[in-house]
Visitor: 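This is the structure I want to talk about, given as structure tokens.
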Number of protein chains: 2
Amino acid sequence: MVWLRLVGVALERTPPVSIKLVAERAGVSPATVSNVLNNKASVSPAFSNRVRRAVEELGYVADSNASRLRSGKHSLAAVVVPDLTNPVFSAFVSTLERAARQDGFNLLVVSCDNAADQEADRLRSIRSWRPAGLIVIPCDGALAARLPQGACLPIVVADRIPDDAAFDLIAVDNAQAAGVVAAHLAAQGHRSCLVVGSTLSISNVRERWEGASAAAGPMTIRLLEAGLDPSLLRRRLRDRLTGGPPLDAMFTLDHVTTLVAYQLLAELGVSIPRDMAFASFDEAEWMRLVVPPITAVRQPIEAMAEAAWRQLMRRLAGQGSAPNILRMTCAVEIRGSTLRRRGEPNTAAA
Amino acid sequence: MVWLRLVGVALERTPPVSIKLVAERAGVSPATVSNVLNNKASVSPAFSNRVRRAVEELGYVADSNASRLRSGKHSLAAVVVPDLTNPVFSAFVSTLERAARQDGFNLLVVSCDNAADQEADRLRSIRSWRPAGLIVIPCDGALAARLPQGACLPIVVADRIPDDAAFDLIAVDNAQAAGVVAAHLAAQGHRSCLVVGSTLSISNVRERWEGASAAAGPMTIRLLEAGLDPSLLRRRLRDRLTGGPPLDAMFTLDHVTTLVAYQLLAELGVSIPRDMAFASFDEAEWMRLVVPPITAVRQPIEAMAEAAWRQLMRRLAGQGSAPNILRMTCAVEIRGSTLRRRGEPNTAAA
DNA sequence: AAACCATCATAAAACGATTTATTGAACGCT
DNA sequence: AGCGTTCAATAAATCGTTTTATGATGGTTT
């Protein structure tokens, strides 16, 4: 077989560089090359240097998978997220990738486009890479049902809570943070709050709603479950705003809902916070930039990713204890969008 | 050796399921299993069914790497980006991941934290996975110097232009788009524009600056090269705004610059567009949400990712032609932040 | 000088898959 | 029956690596 070497796009005839080639060049056996590279058995300095020189000259990098095949030592992990374009998830992946790398792992990244069936498919096909472990942000609660049966690897679930509790889990204390926001809105004197979430089938949304409604106190609080599709979400919210009973506060529970709601309020000419207070779960960069800046719950995404990775490492180290469930605390950033100006009662929007 | 099977976190004794195990269970040879799964040689329906049943029962998924080792058929590609938290890059990766999957590839995602030395390291270590090809958004122009020598795989470069032209390249027409923005600012009657970019060592920033200054016409246009570090960037820009000659327009050339500049203007009480027009290269979600919405250049990130993947596929199909360079056209979204109100001359900010 | 012991290099087997070459059975034909 | 031809299934070789067992060399101890 003829091998073409491609540097950039220039072609050259070259066999792929294997440990055998290095051994040949150094005038030693493949076993010796392996021993040098993994500092295993003792190798004399003379041989060791010859090997290192050959490695250098040929630009040899050992095939991780052939290694793994023989030694059983993995250095690949995988992460499955619902959607890479969501900044929360991409920050998660970014941090995870760094953490993994520090422990000598590379990360296979897979998105399932918010679709449960795709998630099932990905979870299956990912196994063909024999990763050491999996970190999953599931599409919905029914994760366990989508796991391939023969699964033989540790899984850490993050952010969303599966119905089946038999997983290691890293999530935030949604109810607590949502409660802080609701209590803050009530304390500001708001009387009637609409909580908007995509769907209660996502555990986060459910917990946020429950936390908010438990802490609303004297404030009337209602839920609009608006779905995941932005245009549908938009229509439902619009109907509620123009048709329903008057409101003086709105609390959106996830990223897409916040975007749609914020834009809709601007279009309807609802002034924040004069006509209506506005708060969001999941903070984004722009919420500090707009005027007034938006009160938001900031999730400790980076800390979650790091915790998830550490948990996976613990499992790989063989700690076979009961599922470990970790809830992290969010920071609530109170900003201008929910502050009632002194002495100025806000008028309910139509 | 004792094997522990971990489903979720529950342990069970099980050997890892290999093709041998499937063969044994189906009462056939491993070769037959392989033939069934790859519909290679003809297998009788009776045997075929037995094999399929065994595969099903054991939840067998072939090891992609053992496959690759023998057959030479790759199904892994890798992408290296400077920074996953940048929404432009995460959108790129997201689209790429989908495109790759559709061609039966999985994607190894690696970030190099905006550091050239880390990029070099990653490019080396990534080779140990023997990916079919690489897609790289380089940290800076000196990519070629950081490529490991023995490299034997096709590389497609995206977004940023390497000094060494011997790569397939997918980028946008920076100069053209920046020119449109500059011409628009001039046409709006602005007299003096500050262009703010991180560093000219990034080809994109250089091309944008050149495009803008070539199209400025009668408008005076100056460059501030403010660096990549946000706090330093902020100080330099602040000094320029409070100390320098008066300005009536600002054009920021990359993501981080835009964020810092926009916030700084708000703090300084500079009203957009009354006191100063504001435009940005790289559009983000929030630019449509703020008041007034911000004029921005929208790069066709998704189209770039798809084009990059197609180019890689072409190389894998063995098209060994000269480097293919593709420049895509950006959309310029003119919005309120650069529109001068009729008859109202803007006063130059201090 | 024989016996023993380190030390260091290697040959060969193994990992999990695919491929090539081989076997054996069944069938049709003279 | 003898012979060629298919067809189906498999044994064995192979990919790149690590590991285990073996062998060679030279030095120290009796």
Side-chain angles (χ1 to χ4, degrees), chain A residues 1 3 14-52 54-55 58-76 127-132 150 152, chain B residues 1 3 14-52 54-55 58-76 127-132 150 152:
Chain A
M1 173 149 192
W3 290 94
T14 310
V17 32
S18 70
I19 199 172
K20 252 184 256 170
L21 202 67
V22 175
E24 196 179 314
R25 176 127 179 178
V28 301
S29 74
T32 301
V33 176
S34 174
N35 283 329
V36 169
L37 293 180
N38 304 313
N39 350 323
K40 265 297 166 53
S42 56
V43 178
S44 70
F47 276 64
S48 175
N49 287 334
R50 264 156 60 193
V51 168
R52 272 185 237 283
V55 165
L58 295 172
Y60 171 71
V61 183
D63 182 323
S64 296
N65 284 300
S67 278
R68 192 245 323 154
L69 205 52
R70 178 61 240 242
S71 73
K73 280 168 191 133
H74 299 241
S75 56
L76 183 73
R127 288 189 53 224
S128 77
W129 299 106
R130 303 289 189 265
C152 182
Chain B
M1 174 148 193
W3 290 95
T14 310
V17 32
S18 71
I19 198 172
K20 250 185 260 173
L21 201 68
V22 176
E24 195 179 313
R25 176 127 181 178
V28 300
S29 74
T32 301
V33 176
S34 174
N35 283 330
V36 170
L37 293 181
N38 305 311
N39 350 322
K40 264 297 165 52
S42 55
V43 179
S44 70
F47 276 61
S48 175
N49 286 335
R50 263 158 59 195
V51 168
R52 272 183 237 283
V55 165
L58 295 172
Y60 171 71
V61 183
D63 182 323
S64 296
N65 284 299
S67 279
R68 192 245 323 154
L69 206 52
R70 177 65 240 243
S71 72
K73 278 165 193 139
H74 299 240
S75 56
L76 183 72
R127 290 189 52 223
S128 77
W129 299 106
R130 303 289 188 264
C152 183

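Chain naming here is simple, since letters A, B, ... match the order of the sequence lines and numbering starts at 1 in each. What you see is a predicted model; the values in this text were computed from it and never measured.
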Visitor: Can you pull out every side-chain hydrogen bond (donor to acceptor under 3.5 Å, both in side chains) where at least one residue sits in residues 41-50 of chain B? Sequence neighbours excluded, please.
Guide: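 Every side-chain hydrogen bond (donor to acceptor under 3.5 Å, both in side chains) pair that includes a residue of residues 41-50 of chain B, provided the two are not neighbours, is B:Ser48-B:Arg52.
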
Visitor: Residues in side-chain hydrogen bond (donor to acceptor under 3.5 Å, both in side chains) with A:Ser71, at least two apart?
Guide: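 Testing A:Ser71 for side-chain hydrogen bond (donor to acceptor under 3.5 Å, both in side chains), a comparison that skips the adjacent residues, returns none.
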
Visitor: Please figure out whether B:Asn38 or A:Pro45 has its closest DNA chain C nucleotide nearer the 5' end.
Guide: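 Checking each residue's closest nucleotide, the 5'-ward one belongs to A:Pro45.
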
Visitor: Of all residues at least two apart in sequence or in a different chain, which pass the side-chain hydrogen bond (donor to acceptor under 3.5 Å, both in side chains) check with B:Asn35?
Guide: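 Not a single residue meets the side-chain hydrogen bond (donor to acceptor under 3.5 Å, both in side chains) criterion with B:Asn35.
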
Visitor: Listed by chain and number, what are the side chain to side chain contact (heavy atoms under 4.5 Å, CB included) partners of B:Ala54, not counting sequence neighbours?
Guide: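 Listed in chain order: B:Val22, B:Arg25, B:Ala26.
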
Visitor: Report the residues that fulfil side chain to side chain contact (heavy atoms under 4.5 Å, CB included) with B:Ala132, sequence neighbours left out, ordered by chain and then residue number.
Guide: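 In terms of side chain to side chain contact (heavy atoms under 4.5 Å, CB included), with neighbours along the sequence ignored, B:Ala132 is linked to B:His74, B:Phe105, B:Leu316.
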
Visitor: Look for any protein N or O under 3.5 Å of an N or O in nucleotides 22-25 of chain D and output each such pair with its distance, or none.
Guide:
none

Visitor: How bent is the helix from C:dA1-D:dT30 to C:dT30-D:dA1, comparing axes over its five end pairs at each side, to the nearest 10°?
Guide: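 About 70°, once rounded to a multiple of 10°.
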
Visitor: Using every non-hydrogen atom in the two residues, find where B:Ser64 and A:Trp129 come nearest and quote the distance to one decimal.
Guide: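 Smallest interatomic distance, heavy atoms only, reads CB-CZ3, 3.6 Å.
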
Visitor: Could you check whether B:Ser29 and B:Thr32, counting side-chain N and O atoms only, form a donor-acceptor pair closer than 3.5 Å?
Guide: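 The answer is yes; a qualifying pair exists.
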
Visitor: Rounded to the Å, how far apart are A:Arg127 CZ and C:dG16 P?
Guide: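 Nearest whole value for this atom pair: 14 Å.
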
Visitor: Tell me whether the side-chain N/O atoms of B:Lys20 come closer than 4.0 Å to OP1 or OP2 in C:dC15.
Guide: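 Checking B:Lys20 against C:dC15: at least one side-chain N or O falls below 4.0 Å of OP1 or OP2.
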
Visitor: Test of understanding: with side-chain hydrogen bond (donor to acceptor under 3.5 Å, both in side chains), list the residues that count as partners of B:Ser18, not counting sequence neighbours.
Guide: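 With neighbours one apart ignored, the set is empty.
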
Visitor: With respect to the side chain of A:Ile19, which nucleotide from D:dT19, D:dT17, C:dC15 is positioned closest?
Guide: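 For A:Ile19, the side-chain atoms sit closest to D:dT17.
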
Visitor: Which parts of residues 61-70 of chain A get close to DNA chain C, meaning a heavy atom less than 4.0 angstrom away?
Guide: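 Output list: A:Leu69, A:Arg70.
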
Visitor: Grab the CD-C1' distance between A:Glu24 and C:dA9 for me, whole Å please.
Guide: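 From A:Glu24 CD to C:dA9 C1': 17 Å.
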
Visitor: Roughly how many Å is it from CG in A:Leu37 to C1' in D:dG16, rounded to a whole number?
Guide: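 Whole-Å distance recorded here is 13 Å.
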
Visitor: Quick one: side chain to side chain contact (heavy atoms under 4.5 Å, CB included) partners of B:Ala23, sequence neighbours excluded?
Guide: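 Partners of B:Ala23 by the side chain to side chain contact (heavy atoms under 4.5 Å, CB included) criterion, ordered by chain and then number, come out as B:Val28, B:Pro30, B:Val33.
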
Visitor: Roughly, in whole Å, what's the span from NZ in B:Lys40 to C1' in C:dT19?
Guide: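 The distance from NZ of B:Lys40 to C1' of C:dT19 comes to 8 Å, rounded to the nearest Å.
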
Visitor: Within this structure, what is the CZ-to-C1' distance between A:Arg50 and C:dC8, rounded to whole angstrom?
Guide: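 One finds 13 Å between C1' of C:dC8 and CZ of A:Arg50, rounded.
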
Visitor: Rounded to the nearest angstrom, tell me the gap between atom CG in B:Leu21 and atom C1' in C:dG16.
Guide: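 In whole Å, C:dG16 C1' and B:Leu21 CG are 12 Å from each other.
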
Visitor: Looking at B:Asn65, is its backbone amide N or carbonyl O close enough to the side chain of A:Arg130 to form a donor-acceptor pair, meaning the two atoms are under 3.5 Å apart?
Guide: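 It does not hold such a pair.
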
Visitor: Any N/O pairs under 3.5 Å between the protein and nucleotides 9-12 of chain D? List them or say none.
Guide:
unit_1	atom_1	unit_2	atom_2	d
D:dA9	OP1	B:Ser44	OG	2.8
D:dA9	OP2	B:Ser44	N	2.9
D:dT10	OP2	B:Ser29	N	3.0
D:dT10	OP2	B:Ser29	OG	3.2
D:dT10	OP2	B:Thr32	OG1	2.6

Visitor: Going by side chain to side chain contact (heavy atoms under 4.5 Å, CB included), A:Tyr60 matches just one of A:Val51, A:Leu37, A:Leu21. Which one?
Guide: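 So, applying the side chain to side chain contact (heavy atoms under 4.5 Å, CB included) to A:Tyr60 and each of A:Val51, A:Leu37, A:Leu21, only A:Leu37 qualifies.
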
Visitor: Can you tell me how far C1' of C:dA17 sits from CZ of A:Arg130, to the nearest Å?
Guide: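 One finds 10 Å between C1' of C:dA17 and CZ of A:Arg130, rounded.
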
Visitor: Using side chain to side chain contact (heavy atoms under 4.5 Å, CB included) as the criterion, list what pairs up with A:Ser34, not counting sequence neighbours.
Guide: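 By the side chain to side chain contact (heavy atoms under 4.5 Å, CB included) rule, A:Ser34 matches A:Ile19, A:Asn38.
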
Visitor: Report the C-alpha separation of B:Leu69 and A:Asp63 in whole Å, then their side-chain angles, then the decisive distance to 0.1 Å, and conclude whether the side-chain contact (heavy atoms from CB on, under 4.5 Å) test is met.
Guide: CA-CA 10 Å; B:Leu69 206 52; A:Asp63 182 323; 4.2 Å; yes

